[in-house]
Amino acid sequence: MRSVLPILTVVMVIVALWYAGAVAMNKRWTLDQAARADQELTVAEIVADTLQQERPKLPAPHQVGAELWKTTGAMVLKGRAFSKRSLIYHGWITLSATLMGFAIGAGLGILLAVGIVHNRAMDMSVMPWAIASQTIPILAIAPMIIVVLNSVGVTGLLPKAVISAYLSFFPVVVGMVKGLRSPDAMQLDLLKTYSASPGQTFRKLRWPSATPYLFTSLKIAMAASLVGAIVGELPTGAVRGLGARLLAGSYYGQTVQIWSALFGAAILAALLVGLIGIAQRLTLKRMGLAR
Amino acid sequence: MIWLVGALLFWAAAWMLNVWIARQPWRQSMAARLAVPAIFGLTVLVVWEGLVRGLSVPGVILPPPTAIGARIAASVPILWTDFVQTFLKGALTGYVIGCAAGVATAIAVDRSPFLQRGLLPVGNFVAALPIIGTAPILVMWFGFDWQSKAAVVVAMVFFPMLVNTVQGLAAAGAMQKDLMKTYSASYVQTLMKLRLPAAMPFIFNGLKISTTLALIGAIVAEFFGSPIKGMGFRISTEVGRLALDMVWAEIAVAALAGSAFYGLVAVIERGVTFWHPSQRG
């Protein structure tokens, strides 16, 4: 709680810098317009104009906020929450791909981690590649996956979900292998003296002690999954989804639209990661692992 | 048919070889730890080749590794131009600027615990956001050439770097700081001789995370507009022409560049933080 004031201060500083930046970057256009109309503008007029341009270089925070409200809350009030102009609709498209990919990627990741922990040959052959793959810009293959899956007839949600799954897969594998290996030798020996089977060891010792690692890697995987879904929408010709809004905005110079899509994505990411954080807190509390 | 059976046989044989190596008493040796993943990687390539040829998968869906290799050998000049444009100009410039800015900001707020308490949660929050989405904005501001790619990379690596450095600067123990005080060391001396060296493991952690982010940022930013060279540009256009062997060639180069970049930073880390427990033993 004691960090509320510092956080607010930092956020205020960022917003102030943003306004200053908006004035500085949009000034040129305002002055050009004024010069063309042979007008002399006072400083107050310049500032006022830079903060309400139609297509500013850098939209001011309140413009982005207004656009966000116009495309979400206002649409809901009008009862058209899922019309194509609504950010909720585009966010939902992205969210469904994100969640589907996250479920596939995290599920497969946990399975592979269990395999790695229980099979030494698998550990020695797969693990170095799983680690090395984190140094590779996997996102670069996104356009190819989309186009290839399209050409074999798979369209819609699945291609994007495949990219999300691929991105969220490796963090989960690496995190879970670490987690499943976290019980120390003493605890494993204790279970051996109880003559516990491997299955019992897994259920009663390895899985519970891997839970904190699971949630940490799920957070990373969720963030990566959202990035994957957004980038996956870029090569499809920009029709639906937050990524499509970004691309369409950049084609038509609609900066306010880009920024509102960006903040939509940021809010979505914060919500998803926050949800996992809450689940983590509750689970760890029930397990007596909370600190 | 012969390709399919051959691939499956090779897979079985290689797997048995790996299981055998994993049971040997010398499995902890360097050779075994290199051989097993190498054999596995080779198996993946052979099975890929065998399946693609055996099932006669068209090249516009999945080209066999040999075709990709031939393409790499045939288009070295193009790959080199793209590599220079995306990696050396875009990613590397942004990486250096972004990391330096992150470390500098962390040191600048170091004297104010108030700002740190605010900056750390905000930085952690921003680091989890899809910053890659700023790419279209930055491309608009800085133009199509590599400057905008470097700007995207700066935006992507700044916050992970900031958070890691702030954490690292808090890593020096109270006892060590007291010792510096008994020497009547000034703030700058304590910073240079104790706290920055103690922060190095954290800083290098940030540097290593940033290598991957830098390459991703530079490549994805090119999807939003680029001059007619660059890895991201090549990938998106060649995908459009269904020349998938070229796409795979670019991906191979990107993977090699990414791993080599990471490896280089890791080697420097070994030299700088030789004293840290994770580097001994």
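Letters go in sequence order (proteins before strands), and every chain restarts at 1. Please read all numbers here as calculations on a predicted model, not as lab measurements.
Here the side chains of A:Met144 and B:Ile235 are not in contact, with every heavy-atom distance at 4.5 Å or above. Contact annotation: the side chain of B:Asn18 never approaches that of A:Met124 to less than 4.5 Å [non-hydrogen atoms, C-beta and beyond].
Comparing A:Thr9, A:Ile14, A:Val13, A:Leu226 by how many heavy-atom pairs each has under 4.5 Å with chain B, the most go to A:Thr9.
Note that CD1 of A:Ile141 is 11.5 Å distant from CD1 of B:Ile219, once rounded to the nearest 0.5 Å. The distance from the CD1 atom of A:Ile7 to the CZ atom of B:Arg117 is 9.5 Å, given to the nearest 0.5 Å. Once rounded to the nearest 0.5 Å, the distance linking CE of A:Met122 with CZ of B:Phe40 reads 8.0 Å. Rounding to the nearest 0.5 angstrom, the gap separating the CG atom in A:Leu149 from the CD1 atom in B:Ile61 is 9.5 Å. Atom CG of A:Leu246 and atom CD1 of B:Ile137 lie 7.5 Å apart (nearest 0.5 Å). Here the CD1 atom belonging to B:Ile132 is positioned 10.0 Å from the CD1 atom belonging to A:Ile230, to the nearest 0.5 angstrom.
The environment of A:Tyr19 atom OH is dense: over 12 non-hydrogen atoms of other residues, nucleotides or ligands sit within 6.0 angstrom.
Using a 4.5 Å cut-off between heavy atoms, B:Leu242 touches chain A through its side chain atoms alone.
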Handout entry: Intermediate values then yes/no, side-chain contact (heavy atoms from CB on, under 4.5 Å), B:Val44 and A:Trp129
Key = CA-CA 11 Å; B:Val44 170; A:Trp129 290 103; over 6 Å; no
Practice task
Step by step, work out the side-chain contact (heavy atoms from CB on, under 4.5 Å) result for A:Leu58 and B:Trp141.
Solution key: CA-CA 9 Å; A:Leu58 174 60; B:Trp141 286 357; 3.7 Å; yes
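Checking side-chain atoms of A:Arg120 against main-chain N and O of B:Ala22 turns up a donor-acceptor pair under 3.5 Å.
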